[in-house]
Amino acid sequence: MTQDLNQMRDHMLTAIAAASGLDALDACRVEALGKQGTITALLKTLGKMTSDERLVQGPLIQGLREAVANGIAERKATLERAALDARLASETLDMTLPADATPAGTIHPVSQVMDELAEIFADLGFAVATGPEIEDDWHNFTALNIPESHPARAMHDTFYMASSDGKLDDADAGDGEPARRMLLRTHTSPVQIRTMLNQKPPIRIIAPGRTYRSDSDATHTPMFHQVEGLVIDKGITLGHLKWTLETFVKAFFERDDIVLRLRPSYFPFTEPSVEIDVGYTLVKGKRVVGGAEPDGWLEILGSGMVHRKVIEACGLDPDEWQGFAFGCGIDRLAMLKYGMDDLRPFFDGDIRWLKHYGFSSLDVPTLSGGVGA
């Protein structure tokens, strides 16, 4: 029996080594290991043997099976490698040929909404202002009437800058003033302060940009985008603020049946302060902004009349100059307008998400063609 198995192994391995292609090799496999194969038939005889016979013949048959299986695997790898080498040798790629399709990126929804905001407010006479993302605590807090004890200054909300020794970094304010701690701005309101310090009234600006806070969940991220609006002029009232926001929201959502609700609130830098809610209707279980008779309300921004102390901190006379300010999250506006339910994918860099929610470079917002084109 042992001699027969050795002869069978030599015969099979010789046939495997002589296989000229994958089809021929597969025929060898079927002949030896297939359902009706020679080795399969030998394995079936083990059940009819006595225990003593199985102790002797079992390892021999299993050894034959393993040797043939290994031989097939090695020959298959050799044939596949040879086939790949032949294919690589025959194929060429001309890098000078034009691409089948022109690569095309998409405009991120945040960038698109920023363009929409700039277009809307430019029509209302507003300019776009910018400021540094690394601020000092005077511009970010003190000048905005946020006292030292205010919770917004707490370390769990604000990213303070640290020096190489691990201590909080301070900036020299100059002119004998105490050093100011540096931080990543928590809102775009410091741009209001810088504008009032460097520009004479009347002032009409929006300040879109990145802001940073220590928070992260489905509706909050450590870095997010905010737009701030500021008007400083003579005789400005809360009525001007309400009209401006109504005009803006109607233009942004491109609906005339927008209903706003103003609720009293508190912000250190405005007095009086109001939060703005927009009415929504339920359409197939989803909340859609708009509707003359709202089914509910969504908070979209905070606003109010600029506090006297803020105007004074910028070197202006609050008895002569008044103004209003408002601020809202650009990311949240994009979510409400374009039907996104989670903020985190905004910053994941997933090309599938960008292809679905992104905009063509030709989708330039215009008031005549539609800001949401």
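Numbering of residues begins at 1 and proceeds along the displayed sequence.
The hydrophobic cluster containing Leu88 also includes Leu84, under a criterion of side-chain heavy atoms closer than 4.5 Å among ILVMFWY residues, counted directly or through chains of members. Cluster partners of Tyr266, using a side-chain heavy-atom cutoff of under 4.5 Å among ILVMFWY residues and allowing indirect links: none. Other cluster members for Val283: Val288, joined by side-chain heavy-atom distances under 4.5 Å among Ile, Leu, Val, Met, Phe, Trp and Tyr. Applying the 4.5 Å side-chain rule to ILVMFWY residues, one finds Val259 in the same cluster as Trp297.
In this structure, Lys355 has no side-chain hydrogen bond (donor to acceptor under 3.5 Å, both in side chains) partners at least two apart in sequence or on a different chain. Remark: Thr130 engages no residue in a side-chain hydrogen bond (donor to acceptor under 3.5 Å, both in side chains) (not counting sequence neighbours). The side-chain hydrogen bond (donor to acceptor under 3.5 Å, both in side chains) check on Thr195 picks up nothing, with sequence neighbours excluded. Residues satisfying the salt bridge (charged side-chain N to carboxylate O under 4.0 Å, His left out) criterion with Arg9, sequence neighbours excluded, are absent altogether. Legend: residues meeting ring pair (Phe, Tyr, Trp, His ring centres under 6.0 Å) with Phe224, ordered by chain and number and at least two apart, are absent. By the salt bridge (charged side-chain N to carboxylate O under 4.0 Å, His left out) test, Arg263 is found to be paired with Glu275, Asp277, Glu299, residues two or more places apart in sequence or in another chain being considered. Applying the salt bridge (charged side-chain N to carboxylate O under 4.0 Å, His left out) rule to Glu53 yields no partners; only residues at least two apart in sequence or on another chain are considered.
Within 6.0 Å of CD in Gln199 there are more than 12 heavy atoms belonging to other residues, nucleotides or ligands. Within a 6.0 Å sphere centred on CG of Asp319, heavy atoms belonging to other residues, nucleotides or ligands number more than 12. Other residues, nucleotides and ligands contribute more than 12 heavy atoms inside 6.0 Å of the CZ atom of Arg194. When the shell of 6.0 Å around CG of Asp23 is examined, it contains 12 or fewer heavy atoms from other residues, nucleotides or ligands. Surrounding CD of Glu133 are more than 12 heavy atoms belonging to other residues, nucleotides or ligands, all under 6.0 Å away. Within a 6.0 Å radius of CZ in Arg261, more than 12 heavy atoms belonging to other residues, nucleotides or ligands are found. Residue Leu46 places its CG atom among more than 12 non-hydrogen atoms of other residues, nucleotides or ligands, all under 6.0 Å distant. For Glu293, the CD atom is loosely surrounded, since the number of other residues' heavy atoms within 6.0 Å does not exceed 12.
A side-chain donor-acceptor contact under 3.5 Å links Arg185 to the backbone of Arg210. Side-chain N or O atoms of Asn145 include one that pairs as donor or acceptor with a backbone N or O of Pro268 at under 3.5 Å. The main-chain N or O of Ala19 is found under 3.5 Å from a side-chain atom of Arg75 such that the two form a donor-acceptor pair. Listed for the Thr40 side chain is no donor-acceptor partner under 3.5 Å among the backbone atoms of Gln36. Proximity of a side-chain donor or acceptor of Asp26 to a complementary backbone N or O of Leu22 within less than 3.5 Å is not detected. Panel note: side chain Asp257, backbone Gly291; a donor-acceptor pair is recorded below 3.5 Å.
A distance of 12.0 Å separates CG of Leu42 from CZ of Arg65, quoted to the nearest 0.5 Å. With rounding to the nearest 0.5 angstrom, the CG atom of Asp136 is 10.5 Å from the CZ atom of Phe141. Ile300 contributes atom CD1, which lies 14.0 Å from atom OH of Tyr280 (distance to the nearest 0.5 angstrom). Put simply, OG1 on Thr106 and CD1 on Ile351 are 5.5 Å apart, with the number rounded to the nearest 0.5 Å. To the nearest 0.5 Å, the span separating CG on Leu230 from CD1 on Ile205 amounts to 5.0 Å. For the atom pair OG1 of Thr142 and NE2 of His139, the computed distance is 10.5 Å after rounding to the nearest 0.5 Å.
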Practice item. Go through the steps to decide whether Phe324 and Val274 satisfy the test side-chain contact (heavy atoms from CB on, under 4.5 Å), and finish with yes or no. Key: CA-CA 11 Å; Phe324 64 77; Val274 291; over 6 Å; no

Check your understanding: Passes side-chain contact (heavy atoms from CB on, under 4.5 Å), Thr244 versus Phe126? Steps please.
Key -> CA-CA 11 Å; Thr244 300; Phe126 285 67; 4.2 Å; yes

Practice item. Start with the C-alpha distance between Ile72 and Leu33, add both sets of side-chain angles, then the distance that settles side-chain contact (heavy atoms from CB on, under 4.5 Å), and finish with yes or no. Key: CA-CA 10 Å; Ile72 292 173; Leu33 302 174; 4.1 Å; yes

Practice item. Check step by step if side-chain contact (heavy atoms from CB on, under 4.5 Å) holds for Thr158 and Asp137. Key: CA-CA 10 Å; Thr158 306; Asp137 63 350; over 6 Å; no

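Cluster annotation: Leu238 and Val249 are assigned to the same hydrophobic cluster (Ile/Leu/Val/Met/Phe/Trp/Tyr, side-chain heavy-atom contacts under 4.5 Å, transitive). At a threshold of 4.5 Å between side-chain heavy atoms, the hydrophobic network of Ile, Leu, Val, Met, Phe, Trp and Tyr places Trp243 and Ile236 in one connected group. Side-chain heavy atoms closer than 4.5 Å link hydrophobic residues (I, L, V, M, F, W, Y) into clusters, and following such links, possibly through other members, connects Leu282 to Phe253. Under the 4.5 Å side-chain heavy-atom criterion for ILVMFWY residues, no single connected hydrophobic cluster contains both Ile16 and Val30. Under the 4.5 Å side-chain heavy-atom criterion for ILVMFWY residues, no single connected hydrophobic cluster contains both Leu5 and Val56.
Taking the side chain as every heavy atom from C-beta outward, Asn70 and Glu66 approach each other to under 4.5 Å. Counting heavy atoms from C-beta on, the side chains of Thr247 and Ile120 never come closer than 4.5 Å. Side-chain contact between Arg255 and Val289 is absent, with no heavy atoms from C-beta onward closer than 4.5 Å. When side chains are defined from C-beta on, Leu144 counts as touching His187, because their heavy atoms get closer than 4.5 Å. Proximity of Leu333 to Glu116: side-chain heavy atoms (C-beta onward) are nowhere separated by under 4.5 Å. In this structure the side chain of Pro208 never reaches within 4.5 angstrom of the side chain of Leu117, judged on heavy atoms. At a threshold of 4.5 Å between non-hydrogen side-chain atoms, the residues Gln57 and Thr45 do not count as touching. Looking at Tyr212 and Pro222, their side chains never come closer than 4.5 Å, going by heavy atoms from C-beta outward.
A pairwise comparison of heavy atoms in Leu241 and Ala325 identifies CD1-O, 4.4 Å as the closest pair. When all heavy atoms are compared, the tightest approach of Leu301 to Gly327 is CB-O, 3.2 Å.
For the ring-ring contact (aromatic ring centres under 6.0 Å, His included) test with Trp353, the passing option among Tyr338, Phe346, Phe347 is Phe346; the others fail.
Note on residues 228-241: pairs passing side chain to side chain donor-acceptor pair (under 3.5 Å), not counting sequence neighbours, are Thr188-Glu228, Ser189-Glu228, Gln192-Glu228, Arg204-Asp233, Lys234-Glu320, Thr237-His240.
Salt bridge status for Glu254 with Lys337: present, with a side-chain N to carboxylate O gap under 4.0 Å.
Side-chain polar atoms of Asp157 and Thr186 form no donor-acceptor pair below 3.5 angstrom.
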